[in-house]
Amino acid sequence: MPDLDTALSAIDAAIADPEGGTPRACGHCGTTLNGSPSDDFCGEECQNEWLAGHVAGPGPVDNGASPDRDLAEQDPARPMPYMPEPPPPPTGAQILDKVTAFVKRFNVFPSEHCAPMLALWYAHTHAAEHFYVTPRLILDSAEPGSGKTRVMEVAQFLVRSAEMTLSATTAALFRLVSDGPITILFDEVDAIFNPQKGGNTEDLRAMLNAGYKRSATIPRCVGDARAMKVERFKVYAPVVLAGIAGHMPDTITTRAITIHMRRRAPTETVEPFKERVVEKQAAPLRDRLATWIGGIANQLSDAEPDMPDGVTDRAAEIWEPLLAIADAAGEHWPETARAACTHFVASNSNRKGSLGIQLLADLRRIFTERNTDRLPSTFIVAALLDMEESDWTDVQGKGRPIEPRRMAKELAKYGVKPTPFKYDGDTVKGYQTTGETGLTDAWSRYLPADPRQ
């Protein structure tokens with residue numbers, strides 16, 4: 001293609017001499033330039049077309065590297081170095097590990113099994129409706145200042161729809177739960193269930209007991225007197241109860257996993273709790289926990305986890321949700337959860353229990369130490385009063401020692417009754433281990449197995 005100078009020379013040759021020669025013509029189309037303001041072209045359009053054809057030059061040569069418009073777009077054959085593969089989402093085991101590490105930052109627990117159990121319990125609140133029961137979580141201690149409230153303050157940012165409360169009435173809790181889903185975190189509950197405080201707590205106790213199972217409802221009359229009807233309200237909800245040990249009703253403790261908190265030793269340290277910081281740090285952790293649990297919810301509904309040896313009946317019922325979650329998480333969690341289950345079930349079975357349970361346990365100890373199958377009532381009472389670790393000198397804090405009539409009343413609830421028999425040549429009234437009204441049957445039904453036998 002000619003360069004610009006050559007092209008301009010050709011134009012000059014084609015244009016006539018203005019002094020009377022051949023009329024000048026357009027350098028592109030050859031039309032006479034009569035009236036054109038340009039000396040070379042008849043108009044701007046011709047000028048642009050001529051320049052486009054003579055000045056632009058050849059197109060770039062890229063050896064086929066330019067895009068082919070006839071091909072559909074597709075991903076490159078190999079990832080671009082500035083676009084790394086996104087990291088995989090965390091596994092259930094990793095999420096539970098992070099929750100465990102998070103709660104251990106702010107509390108010193110009495111056992112290595114406490115923090116993993118709490119991680120599983122917090123996880124179950126995000127899928128409670130998929131389980132038949134929701135185990136109560138009890139935090140108690142011998143003295144204040146043992147970290148119970150701190151556990152709840154951290155928990156409120158990890159569980160689903162937390163409701164922190166101190167002295168809510170039964171009616172208020174009833175309405176909160178019926179509007180759920182909700183997780184109740186009930187602090188200083190010992191002030192409510194302490195018998196020395198007085199007041200009627202039966203409605204609250206009944207609600208907490210009933211709300212342990214998903215099918216539970218409480219009927220209430222709604223509407224005015226002319227259009228009154230009965231409506232059944234659901235009371236199923238996860239609950240944490242914190243308070244000083246000794247005042248919790250047995251009907252609640254038997255439905256619960258209990259952590260006996262202790263004051264920190266001088267050498268034990270934890271991170272300071274700053275609510276805004278903890279809330280900000282816990283939010284993504286709670287979201288991951290909820291997302292993971294939501295993705296396996298149907299799997300959890302059908303789960304039937306294997307129980308550790310010796311975990312049956314209500315203990316198995318309590319731990320089923322947590323073990324199902326641990327099995328779904330995989331890695332070390334199935335083993336970790338079952339170790340925690342064994343620990344807490346054994347710890348709960350060693351508690352004193354009701355007055356009748358304590359009496360049965362002490363009687364088994366007396367009969368075992370003396371290796372006999374029968375003892376007079378007077379002999380048993382004397383042995384009970386001689387026990388330093390059992391306070392039978394002051395039954396239920398009323399200042400009266402145990403006596404044969406009171407003992408018979410307590411044992412009658414378990415089908416145990418005194419009978420006459422020969423003892424050292426005399427006919428006496430007392431208790432035997434054998435027979436329909438003997439102690440052996442009650443021991444087998446209401447006490448854990450005796451490790452000495």
Side-chain angles (χ1 to χ4, degrees), residues 99 103 114 117-141 147-194 201-218 233-261 286 289-290 293 314-315 317-322 324-325 344 348 351:
V99 174
V103 299
C114 295
M117 182 276 292
L118 288 175
L120 292 169
W121 197 91
Y122 298 161
H124 110 280
T125 66
H126 295 278
E129 65 274 12
H130 292 274
F131 299 110
Y132 179 57
V133 303
T134 169
R136 273 56 182 114
L137 176 61
I138 292 178
L139 307 168
D140 70 11
S141 65
K148 303 183 298 297
T149 301
R150 183 55 42 81
V151 173
M152 301 177 74
E153 287 175 331
V154 176
Q156 68 179 317
F157 301 120
L158 295 170
V159 300
R160 181 174 68 173
S161 304
E163 180 68 33
M164 287 275 288
T165 183
L166 289 175
S167 59
T169 64
T170 304
L173 286 178
F174 171 79
R175 284 165 176 79
L176 287 172
V177 172
S178 63
D179 292 338
I182 191 175
T183 302
I184 300 174
L185 308 177
F186 208 143
D187 202 1
E188 297 185 11
V189 73
D190 55 292
I192 296 176
F193 289 116
N194 188 343
T201 62
E202 282 305 300
D203 285 346
L204 178 59
R205 184 189 61 81
M207 176 185 169
L208 294 175
N209 289 346
Y212 160 80
K213 291 189 176 182
R214 185 177 59 191
S215 58
T217 60
I218 291 182
F233 294 90
K234 294 184 177 181
V235 290
Y236 178 72
V239 177
V240 183
L241 300 167
I244 300 299
H247 301 307
M248 201 74 64
D250 285 343
T251 53
I252 293 178
T253 57
T254 56
R255 292 168 167 83
I257 302 171
T258 302
I259 298 181
H260 302 289
M261 299 295 292
R286 181 191 61 242
L289 190 62
I293 289 294
R314 177 159 287 175
E317 191 176 61
I318 289 172
W319 276 90
E320 184 173 288
L322 307 193
I325 293 173
F344 282 104
N348 191 58
R351 66 186 182 87

Residues in salt bridge (Lys or Arg N to Asp or Glu O under 4.0 Å) contact with Glu320, at least two apart in sequence or another chain: none

Results of side chain to side chain donor-acceptor pair (under 3.5 Å) for Thr134 - residues two or more places apart only: His124

Nearest heavy-atom neighbours spanning Arg136 and Ala237: NH1-O, 2.8 Å

Qualifying residues under ring pair (Phe, Tyr, Trp, His ring centres under 6.0 Å), relative to His126, sequence neighbours excluded: none

Val189 vs Ile138 side-chain heavy atoms within contact, under 4.5 Å: no

Results of salt bridge (Lys or Arg N to Asp or Glu O under 4.0 Å) for Arg286 - residues two or more places apart only: none

Listed once per pair and sorted, the salt bridge (Lys or Arg N to Asp or Glu O under 4.0 Å) pairs that draw on residues 239-248, sequence neighbours left out: none

Non-neighbouring partners of Arg314 that pass side chain to side chain donor-acceptor pair (under 3.5 Å), sequence neighbours left out: Thr254

Between CE on residue Met117 and OH on residue Tyr122, distance to nearest 0.5 Å: 8.0 Å

Tyr236 side-chain N/O to Ala128 backbone N/O, donor-acceptor pair under 3.5 Å: yes

Under 3.5 Å: donor-acceptor pair, side chain of Trp121, backbone of Pro135: yes

Met207 to Val177 - nearest heavy-atom pair and separation: CE-CG2, 3.7 Å

Rounded distance [0.5 Å steps], CD1 in Ile325 versus CG in Leu289: 8.0 Å

Close side-chain approach of Val151 and Ile259, heavy atoms under 4.5 Å: no

Residues in ring pair (Phe, Tyr, Trp, His ring centres under 6.0 Å) contact with Trp319, at least two apart in sequence or another chain: none

Partners passing side chain to side chain donor-acceptor pair (under 3.5 Å) against Ser161 (at least two apart in sequence or in another chain): none

Side chain to side chain donor-acceptor pair (under 3.5 Å) partners for Ser141, two or more places apart: Lys148

For a quick test of your reading: what N or O donor-acceptor pairs under 3.5 Å do the side chains of residues 179-187 make, sequence neighbours left out?
residue	atom	partner	partner atom	Å
Thr183	OG1	Arg160	O	2.7
Asp187	OD2	Thr149	OG1	2.7

Gap between atom CG of Leu322 and atom CD1 of Ile257 - 0.5 Å precision: 4.5 Å

Pairwise side-chain contact, Leu241 with Leu208, heavy-atom cut-off 4.5 Å (strictly under): yes

4.5 Å side-chain heavy-atom contact, Val103 and Leu158: yes

His260 versus Thr258, closest heavy-atom pair with distance: CE1-CG2, 3.6 Å

Qualifying salt bridge (Lys or Arg N to Asp or Glu O under 4.0 Å) pairs, either residue in residues 118-127, two or more places apart: none

From NE2 (His130) to CD1 (Ile293), nearest 0.5 Å: 10.0 Å

Pairwise distance OH(Tyr212) to CD1(Ile318) - rounded to 0.5 angstrom: 4.5 Å

Residues forming a salt bridge (Lys or Arg N to Asp or Glu O under 4.0 Å) with Glu153, sequence neighbours excluded: Arg150

Minimum-distance pair of heavy atoms, taken over all atoms of Arg255 and Asn209: NE-O, 3.7 Å

